[in-house]
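One structure is given below, encoded as structure tokens.
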Amino acid sequence: MFSEVVTPELFASAVRLATPIALAAIGGAVCERSGVVNIAMEGLMLISAFAGVAAALLFGNAWIGVFVAVLASVLFSAIHAWASINLRADQVISGTAINILALGVTGFLMETIFGHPGTTDTVKTIKPLMDLPAGGGGVLGTIWQWVDVVFLSYTPLVYVGMFSAVFLTWAMYRTRWGLRLRALGEHPRAADTVGINVLRGRWVAVLISGFMAGLAGANLTLEQVGSFTENMTNGRGFIALAANIFGRWTPGGAYMASLLFGFADALQLKLQLFSDVIKIPPQFFLMLPYILTVIVLAGVVGRAVAPASVGKPYKEKG
Amino acid sequence: MSADPQAACELPPNVGQDRPPILELRNVSKRFPGVLANDDVSASVAPGEVLALLGENGAGKSTLMNVAYGLLSASAGEIVVDGNSVQIRAPRDAIRLGIGMVHQHFMLVEPLTVTENIVLGMEPTNSWGLIDRAVARKRVVEISAKYGLKVDPDSRVMDLSVGMQQRVEILKALYRDARILILDEPTAVLTPQEVHELFQIVRELVSQGLAVVIITHKLDEVMAFADRILVMRAGRVVGETTPEECSEQSLARMMVGRDVVLKIDKGPAKIGEVVLDVSDLVVLDDRKLPALKGVSFAVHGGEVLGIAGVSGNGQRELVEAITGLRRPSGGTVSLKGRDITHDDARRTIAAGVSHVPEDRHRRGLVLEFDLVENVALGDQRREPFSKHGILNRSALDTEARARIKDYDVRTPNEHVAASNLSGGNQQKLVLARELGRNPELLVASQPTRGLDVGAIEFVHRRIIAERDSGKAVLLVSMELEEVMSLSDRILVMYEGRVVAEFEGGQVTEEELGLFMTGGGRTPTEPSRASEEDTGA
């Protein structure tokens, strides 16, 4: 059974399933480092997933779908930024409001545009970036098959996720923007007293988070499923929040943590096929990623230190 | 309130200034809702001069300097730099004009390195627009060499001592080419050695042509290091003088507006039975590392035992372990022979321990609650305050009114939120609750932190009154002067251990400071070195 479960497809599926979580989690890391909690990622993903499908159907082009998905998510994240940065609203409340709004808006627009609830029409999904020929037989053929499937078989946004994890980690620790970003989340008043614009810095971070969550939603519908179903994100935005914490508020760490969640998800899908053999109900495996989330959020896996001022609205001066 | 004629050493303005001022504040007023924090204040400082801005908390010193630094905008008045009238809307304007400020609460990003903190906001960049770390580090090293401010540029700020962090703050200002340096209560958190070093640094800065403004309420420091003293009270300048022309006593009178007892009058201790017995106590800190590594001592009735030490050497954990807020992992704590090692706060209170916590906002009071509720905290289960879980409001009101009167808490009535009181009155409220319970042991941690002279006097008198009525007092304070003047015995804590014990009045500040920083003689031998009066 082992060889049937542990295949290159298992790992590839883990990466694919991890990607929407990772894209959102990377943005979440940027956002939280600036001092703003983005619990709205769930809703942002949902809105962009829907907007992407709707635009792709309307224009007949999946890439226009990706653009519209990101635009929608950035616009909604601006609501979060306005409420939590300018109005100094409680960031969790603001994020929750967006999550509920997203559920309502997508459900409503589904009926308005498609005339029925449930699931939208299907779009042609975006193809893998590379389409390489399968290897021959022998050991070399097997190695090639593993390399091809595990590393080279993905759609473009999967690679965007990997690239942004590396790029944003570098940017966070090696650029002026990154230094200032980290200062904002730790001690915004210190940043203010040396002339850094706290509100603008936080705005940028929230919008980046919106951008990344938009890519996450687009990946979900336009690269993976091909259609939108109500509440299809199904908690991935919250898992992304957990991945960001597990990854210690760094984009790279968030990506690695997302891979773990993706792997748990891939494993449960695979093991469902074998539930007769191993006598465990498939529903149990379904729980795996969520149980992992709870464990991570409960702080069992290493105690991470959050940015000191995360979640605290900043008031410029008296 | 008008300027008092009693300000004996008041002089005409600008005495002693031979150079034109670099920074002038002219007729500055700052109005907050309901308060006039600065009322037509004028002040100036010249290059090569140390100006002390002296006053009680709430006198408006920090407000004035925050106006100069652009953190607050003045309601009226003019700021003049180098003879030109300027607009300072934000700190970046102030920085551009060469004004630097070291805030009382440091504006440092703890997880970042010294260099990163110093260059933050003005990072040197290379041709790619990226931070040039080599250049940044080099500039930091250069500036620290130029002014004799030794600090490791690659350490993370969170790993530095408070004194070192303060140097980073000063370097931050110098990196921005500050010509005017404002230090807000710079010595509040320093050891005597660090204070000494700070003032050497200040001397160096001044000799290189900087103008330095020090905001403080400590009279001895003003006398020792200021070139010129501006005394503020209730938002106004009430006097200007120099150390040569006045005394601590006259300064205190100007500051408070009445005569103040600076020295604590206490009779000899009438030592009673052991009240608190701490034996081999081991306590872990929040990171699960040992903060107390086997501490033993006893406090007797009628005695004040003072604990001196640099913040973070286990004092907090000690206090929390005794008051039931933290569970010791080894050793015992007993009160009058009863083991209270594992008692929680509720049972510790019932056993007769009262606690004045170091942070009155977070632990001493519930700021949103009114005074009655704050007085009741901890006793809310007791009759007559409550019965069967239901509060008896009228009994509470009566008790609260009595204690507010007894402890001279200045408040419009007992139903305002504690957050509306001044710091001094808040602390009186904490004392009213904790001492009103008539405890066997008072654990007072930093009981006068951030209080002004008048309130300090009150708190000190109450602590001595407890001692004189035969109660045991454990006093933890970073203020050496306080520990030395109140304590009958002094323990010095360093890295989770008691490293020295002294009889009160038989040790100098310098000696204590040496032990506090891990130096000093072998800790077994009590000091006989000095009996001199250290109050002055």
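None of these values were measured; they are calculated from a predicted model. Lettering of chains follows the sequences in order, A, B, ..., and the numbering in each one begins at 1.
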Would you please classify the geometry between the Phe167(A) ring and the Trp170(A) ring as parallel, tilted or perpendicular, with 30° and 60° separating the classes?
tilted
Residue part contacting chain A, namely of [X], when any heavy atom lies under 4.5 Å:
X         : result
Met122(B) : backbone
Leu108(B) : backbone
Arg133(B) : side chain
Leu112(B) : side chain

Contact winner vs chain A - Lys172(B), Met101(B), Glu116(B), heavy-atom pairs under 4.5 Å:
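Greatest number of close heavy-atom pairs with chain A: Glu116(B).
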Among Leu120(B), Thr125(B), Leu130(B), Val109(B), which residue forms the greatest number of heavy-atom pairs with chain A at distances under 4.5 Å?
Leu120(B)
Is the cationic atom of Lys312(A) (NZ for Lys, CZ for Arg) positioned less than 6.0 Å from the six-membered ring centroid of Tyr314(A) and within 45 degrees of its normal?
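No.
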Please find the pair of heavy atoms, one from Ser73(A) and one from Gly214(A), that lie closest to each other, and give the distance.
OG-N, 3.3 Å
Kindly state whether the ring of Tyr69(B) and the ring of His103(B) have centres lying under 6.0 angstrom apart.
yes
If you count heavy-atom pairs under 4.5 Å between each of Ala183(A), Gly178(A), Pro307(A) and chain B, which one has the most?
Ala183(A)
Of all of Glu186(A), Arg182(A), Arg180(A), which one pairs up most often with chain B through heavy atoms under 4.5 Å apart?
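Greatest number of close heavy-atom pairs with chain B: Arg180(A).
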Using 0.5 Å steps for rounding, measure from the CE atom of Met164(B) to the OG atom of Ser161(B).
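If I round to the nearest 0.5 Å, the distance is 5.5 Å.
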Value rounded to 0.5 Å, distance of OG in Ser164(A) from CE in Met212(A):
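Output value for this atom pair is 3.5 Å.
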